[in-house]
K.L.:
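The structure that follows is given in the form of structure tokens.
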Amino acid sequence: MMQPSRTRSSRSSEEADNIFKISNPKKEEEEKNPNPNPENLHFPSSPNEKQSPIKNKPPLGRPSSWPNHWFKKDNQKTLQNIVLKMQLESIAVDEKQKLKPSTPSKKKTLILDFTNTDVTCLLSDEILLQILSKLPVYQYKPNSLVCKRWMFLSGRLVRSVKLLDWDFLESGRLVSRLPNLTDVDLTKACLVSTNNAGILLTHRLISIHLDSDFSGDSFIRRENLLSSKVIDLGLGNLARGCPNLRRLVLIGATELGLLSVAEECPTLQELELHHCTDQSLRGISACHNIQIVKLIGSVHGFYNCGITDIGLTILAHGCKRLVKLELSGCEGSYDGIRAIGQCCQMLEELTLCNHRMDDGWIAALSFCGNLKTLRLQSCKKIDPIPGPIEHLGSCPTLERLHLQQCQFRDKESANALFLVCVAVKEIVFQDCWGLDSEMFSCASNCRRVKSISLERCSMLTTEGLESVVLSWVNLQSLRVVSCNHVKDSEVTPALSSLFSVLKEFTWRPDSRSLLTSSLEGTGVGKKGGRFFRRV
């Protein structure tokens with residue numbers, strides 16, 4: 001009786017095995033991942049639909065522990081529902097495990113190695129430029145040697161340069177590497193000199209290398225200067241490449257070169273022009289916003305060019321916003337100074353250095369209605385024939401009068417100068433030849449003086465100083481240095497009482513007494529026995 005049952009059960013198991021042993025190419029993948037994706041599950045829309053609830057999933061193999069009646073044809077639908085439920089429960093368990101908080105791991109310190117990495121590449125040019133701008137100026141050159149990018153950015157930080165080689169400007173390298181220049185000095189680049197020469201001649205305004213075979217009255221000959229055409233072309237390149245120029249210094253430019261600068265650089269405020277003529281000043285007159293002009297017409301031993309009343313008149317009508325004007329080695333007369341005073345209403349400072357003015361020019365200073373500072377430097381004469389005193393006039397706003405290395409040759413010119421500067425409050429005499437007590441007495445016309453400085457005026461005496469200083473009731477500051485004829489022993493009680501009420505007082509009149517006081521206690525000037533002792 002048992003054999004038929006075994007035979008029947010074995011047949012049923014074989015049939016079940018044949019049902020689940022359906023060939024499928026994706027069987028290996030499904031065995032690796034038995035949990036189906038919920039998106040792939042398909043539920044029948046009607047109870048009569050006989051499609052499998054698992055889309056594109058092959059039947060599973062029958063485990064030996066499952067009962068035989070599960071695999072009957074009538075119970076096949078029930079088996080599929082059981083398998084689906086088990087799969088859904090497995091998916092729910094996996095989702096819960098994902099939602100469980102993970103155990104905190106130990107914190108590890110991240111150590112980055114940037115030894116072989118340029119971290120500045122992560123910064124933009126604007127940020128890196130701000131960082132480099134905080135460094136001192138003397139570090140710009142070392143920083144430019146780091147890489148090409150740093151060289152480009154460091155060049156954008158440079159604002160001032162003194163050019164030594166004209167080819168650097170002519171080739172365009174200057175404006176490409178330093179596009180934000182505001183202050184450019186081209187004086188040395190305009191000169192053609194031998195750098196390996198053994199002689200370096202230096203002047204207050206210019207310096208040049210000389211060969212041992214130079215001759216003539218001038219150290220700078222025509223072949224030592226670049227041609228005007230070359231200079232004008234270089235100025236055009238500079239003006240187009242650096243439109244934000246504010247200060248420019250150069251030699252030998254013509255009207256065309258200066259016109260290009262005036263057109264391309266509207267913010268130009270200061271111009272220093274050497275070796276200039278009346279014709280070249282036509283280009284300067286186009287710079288309507290310029291405020292500071294320094295004209296060097298001639299320098300003894302270097303070059304000799306004349307600026308006359310024609311050039312001064314052109315300058316006055318073109319540059320009406322002038323605040324400071326310096327004329328060095330320039331010719332002119334009453335008409336040129338009057339044109340400047342009438343047209344340049346904002347002029348506050350006028351400097352005349354080694355002037356070659358005709359007689360009578362000093363009376364034109366009265367037309368400078370806003371002038372506050374008048375400087376005379378290295379003038380061999382002031383104004384030998386100033387004209388009638390009643391026609392001199394005065395500068396009502398003048399506050400400072402500085403005379404450096406000037407020569408007082410006659411009392412009439414000194415008297416005219418102090419009459420024009422009658423409202424001055426500060427007077428400075430430095431290395432003035434011929435300033436004796438008689439010349440200095442003319443300064444008593446200035447009743448508003450609050451400060452007086454006398455340095456290396458060797459002809460002034462104590463009596464001459466006292467007669468003028470006591471007449472200034474508003475005096476607050478007195479400085480006397482290296483005036484050898486002013487003696488301590490000649491100071492009167494009235495003068496000493498004035499010293500006690502001054503706010504600022506410097507008294508070193510005798511250079512020999514100054515040397516003695518500075519060497520006191522050192523033993524210098526005594527017998528050699530102090531230093532050389534007998535053995």
Side-chain angles (χ1 to χ4, degrees), residues 125-126 129-130 132-133 137 140 152-163 166 168-190 205 228 231-276 279-296 311-312 314-328 340 343-351 370 372-373:
D125 289 348
E126 291 74 14
L129 191 64
Q130 292 182 4
L132 294 177
S133 63
V137 178
Y140 288 173
F152 172 72
L153 294 177
S154 299
R156 293 169 62 182
L157 295 174
V158 178
R159 298 291 184 268
S160 176
V161 66
K162 289 185 178 180
L163 189 64
W166 189 264
F168 194 69
L169 170 61
E170 194 173 18
S171 62
R173 288 177 292 172
L174 177 66
V175 296
S176 62
R177 294 187 183 182
L178 312 175
N180 296 329
L181 287 174
T182 59
D183 185 353
V184 179
D185 188 348
L186 303 176
T187 52
K188 292 186 178 181
C190 295
L205 300 172
S228 300
I231 294 177
D232 292 341
L233 290 176
L235 285 179
N237 295 335
L238 178 64
R240 288 187 294 271
C242 302
N244 297 323
L245 273 182
R246 295 182 178 271
R247 181 176 181 269
L248 179 62
V249 184
L250 69 157
I251 299 177
T254 63
E255 178 183 357
L256 296 177
L258 294 174
L259 281 175
S260 62
V261 174
E263 293 175 358
E264 300 291 340
C265 306
T267 60
L268 186 67
Q269 296 182 356
E270 184 175 353
L271 177 64
E272 181 177 336
L273 185 59
H274 297 245
H275 199 270
C276 58
Q279 190 69 21
S280 61
L281 293 181
R282 294 182 182 274
I284 301 178
S285 62
C287 303
H288 301 294
N289 295 324
I290 199 166
Q291 298 181 359
I292 302 174
V293 173
K294 185 176 182 180
L295 303 178
I296 296 92
L312 295 179
I314 294 173
L315 177 67
H317 286 279
C319 306
K320 296 185 178 182
R321 295 185 179 183
L322 275 183
V323 177
K324 294 182 181 181
L325 175 62
E326 180 175 345
L327 304 175
S328 180
I340 291 175
C343 297
C344 305
Q345 298 291 333
M346 301 171 62
L347 186 65
E348 296 182 357
E349 183 175 328
L350 177 62
T351 302
N370 199 36
K372 295 181 179 180
T373 302

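Residues take their numbers from the sequence shown, with the count starting at 1.
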K.L.:
Would you say Trp166 and Leu186 make side-chain contact, with heavy atoms under 4.5 Å?
P.N.:
yes
K.L.:
Output all residues satisfying side-chain hydrogen bond (donor to acceptor under 3.5 Å, both in side chains) with Arg156, sequence neighbours left out; order by chain, then residue number.
P.N.:
none
K.L.:
Heavy atoms, side chains only, cut-off 4.5 Å: are Leu273 and Leu250 in contact?
P.N.:
yes
K.L.:
Could you tell me whether the side chain of Leu325 reaches within less than 4.5 Å of the side chain of Leu315, counting heavy atoms only?
P.N.:
yes
K.L.:
Less than 3.5 Å apart, which donor and acceptor atoms pair up between the side chains of residues 282-290 and the rest of the protein, not counting sequence neighbours?
P.N.:
from, atom 1, to, atom 2, distance (Å)
Ser285, OG, Arg282, O, 2.5
Asn289, OD1, Arg321, NH1, 3.0
Asn289, ND2, Pro266, O, 3.0

K.L.:
What do the steps show when you test Asn237 against Val175 for side-chain contact (heavy atoms from CB on, under 4.5 Å), and what is the final call?
P.N.:
CA-CA 8 Å; Asn237 295 335; Val175 296; 5.6 Å; no
K.L.:
Closest approach of Tyr140 and Val158, non-hydrogen atoms and distance?
P.N.:
CD1-CG2, 4.5 Å
K.L.:
So, using side-chain hydrogen bond (donor to acceptor under 3.5 Å, both in side chains) as the criterion, who are the partners of Thr267 when residues are at least two apart?
P.N.:
none
K.L.:
Any chance you could measure Gln291, atom CD, to Lys324, atom NZ, to the nearest 0.5 Å?
P.N.:
10.0 Å
K.L.:
Just jot down the side-chain hydrogen bond (donor to acceptor under 3.5 Å, both in side chains) partners of Asn370, sequence neighbours excluded, or say none.
P.N.:
none
K.L.:
To the nearest 0.5 Å, what is the distance between CD1 (Ile231) and SG (Cys190)?
P.N.:
4.5 Å
K.L.:
Going from OG on Ser133 to CG on Leu153, what distance comes out if it is rounded to the nearest 0.5 angstrom?
P.N.:
10.5 Å
K.L.:
side-chain contact (heavy atoms from CB on, under 4.5 Å) between Leu312 and Leu327: does it pass, once the steps are laid out?
P.N.:
CA-CA 10 Å; Leu312 295 179; Leu327 304 175; 3.8 Å; yes
K.L.:
Pairs in or reaching into residues 245-266: which pass salt bridge (charged side-chain N to carboxylate O under 4.0 Å, His left out), with residues at least two apart or in two chains?
P.N.:
Asp183-Arg247, Arg247-Glu270, Arg247-Glu272
K.L.:
Looking at CG of Leu295 and NE2 of His274, how far apart are the two atoms once the value is rounded to the nearest 0.5 Å?
P.N.:
10.0 Å
K.L.:
Per the side-chain contact (heavy atoms from CB on, under 4.5 Å) rule, which among Leu235, Thr182, Leu181 passes with Leu248?
P.N.:
Leu235
K.L.:
Of all the heavy-atom pairs spanning Ala239 and Ser260, show the shortest one and how long it is.
P.N.:
CB-O, 3.8 Å
K.L.:
Can you tell me how far the SG atom of Cys343 sits from the NZ atom of Lys320, to the nearest 0.5 Å?
P.N.:
6.0 Å
K.L.:
CG of Asn244 to CG of Leu268: how many Å apart, nearest 0.5 Å?
P.N.:
11.5 Å
K.L.:
Can you list the residues that meet the side-chain hydrogen bond (donor to acceptor under 3.5 Å, both in side chains) rule with Ser176, with sequence neighbours excluded?
P.N.:
none
